[in-house]
2 protein chains.
Amino acid sequence: MPDAPRLRLRIHFAGDAMLGPGKADLLETIRETGSISAAARQMGMSYKRAWQLVETLNSMFRVPLVVRTRGGAAGGGAVVTEEGLAVLADFRALELVLMERGAGALANLSARLADNATPK
Amino acid sequence: MPDAPRLRLRIHFAGDAMLGPGKADLLETIRETGSISAAARQMGMSYKRAWQLVETLNSMFRVPLVVRTRGGAAGGGAVVTEEGLAVLADFRALELVLMERGAGALANLSARLADNATPK
DNA sequence: TGTCGTTATGTCCCACAGAACATAACGAAG
DNA sequence: CTTCGTTATGTTCTGTGGGACATAACGACA
């Protein structure tokens, strides 16, 4: 088995609101870097996209997950709120549950895969 | 709570091979209808797309998941193999595990959502 | 040997997500 | 009151996933 298969989870709420690995990872990177732009750079995505994701994240929950500040010596920054951390934790918990309890089925599936030796 | 959030799961294997709700549902509908085109119609997707999905499904596993026959009185048809049923079962098992064991975290997340009363 | 519904493919087209650029606005510190 | 990095937005461009069509091939059966 070359590399372990990755389980990707996405939650579709009412309307078009959804939460998946993209927003979760972004949230996590913002927490680490304290800045949207730094997170975007680190994740190799455009600042605008990251900003848009934060925007939708904040608007889909009652309490904002990320608070931003503009100006100042550091230019500004972004901080993940308690609510944001909680949301992130819940999402990670779901992923973890899936990884742990689904290892068996996942192994079954992997065993049936054709061995494409990642050609070229 | 308007409608229950849907958990969507996708498995990314090595290379670009991946398995998600799309292929799983298609597999299931083919099993029910015995035909790719009927499944496509029933799922509201073009025949070509359904055919392409079946093609990639068959090529990403060692044993084909769907066998097809052309011509004949009925025009032809498609049958999901034992292997296909097994793959489908494993995927559904993963989904089920997620729904059951993740209900708690999912409820937490839902509770934090902004109540967008599905406007318009 | 003609019929009929399905599988099998190719071509054209378009909506749309996201990249790439381009500017403002901001505000603490020096 | 200048500087500096960040947040905040708008505009343009493009790759592409998938829809919409168009045909061919197939083969059991009447």
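Lettering of chains follows the sequences in order, A, B, ..., and the numbering in each one begins at 1.
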Nucleic acid contacts of residues 23-41 of chain A, taken as heavy-atom distances under 4.0 Å to DNA chain D: A:Ser35, A:Ile36, A:Ser37, A:Arg41

Would you indicate, yes or no, if C:dT6 has its OP1 or OP2 atom less than 4.0 angstrom from a side-chain nitrogen or oxygen of B:Arg68? no

At 4.0 Å (heavy atoms only), tell me whether A:Gly75 reaches a base, stays on the sugar-phosphate, or touches nothing. base

Confirm from the modelled atom types if B:Lys48 and D:dG19 form a donor-acceptor pair under 3.5 Å, side chain to base only. no

Give a yes/no on whether any side-chain N or O of B:Arg70 is located under 4.0 angstrom from OP1 or OP2 of C:dT6. no

If you define the side chain from C-beta out and look only at heavy atoms, does anything of B:Met43 sit under 4.5 Å from B:Asp25? yes

Can you check whether B:Pro21 reaches B:Arg10 side chain to side chain, under 4.5 Å on heavy atoms? yes

Crowded around B:Arg101 CZ? As in, over 12 foreign heavy atoms under 6.0 Å? no

Send over the distance from B:Arg49 CZ to D:dC21 P, rounded to a whole Å. 18 Å

Out of A:Asn58, A:Val66, A:Val67, A:Val87, which one pairs with A:Thr81 under the side chain to side chain contact (heavy atoms under 4.5 Å, CB included) rule? A:Val67

So, B:Glu28 and B:Arg92, do they make that salt bridge, N to O below 4.0 Å? yes

With respect to the phosphate group of C:dA19, does any side-chain polar atom (N or O) of A:Ser46 fall under 4.0 Å of OP1 or OP2? yes

Below 4.0 Å: OP1/OP2 of C:dA8 and any side-chain N or O of B:Trp51: yes

Got a donor-acceptor contact below 3.5 angstrom from the B:Lys23 side chain to the B:Met18 backbone? yes

Sidechain N-carboxylate O distance under 4.0 Å for B:Glu55, B:Lys48: no

Measure CE/A:Met45 against C1'/C:dA20 and give the value in whole Å, please. 15 Å

Separation of A:Glu55 atom CD from D:dG10 atom C1', in whole Å? 14 Å

Under 4.0 Å, counting only non-hydrogen atoms across every strand here, what does A:Gly72 touch: a base, just sugar-phosphate, or nothing? base

Find which nucleotide of DNA chain D each of A:Tyr47 and A:Ala73 is nearest to by heavy atoms, and output the residue with the more 5' nucleotide. A:Ala73

Toward the 5' end of DNA chain C, by each residue's nearest nucleotide, A:Gly71 or A:Gly44: A:Gly44

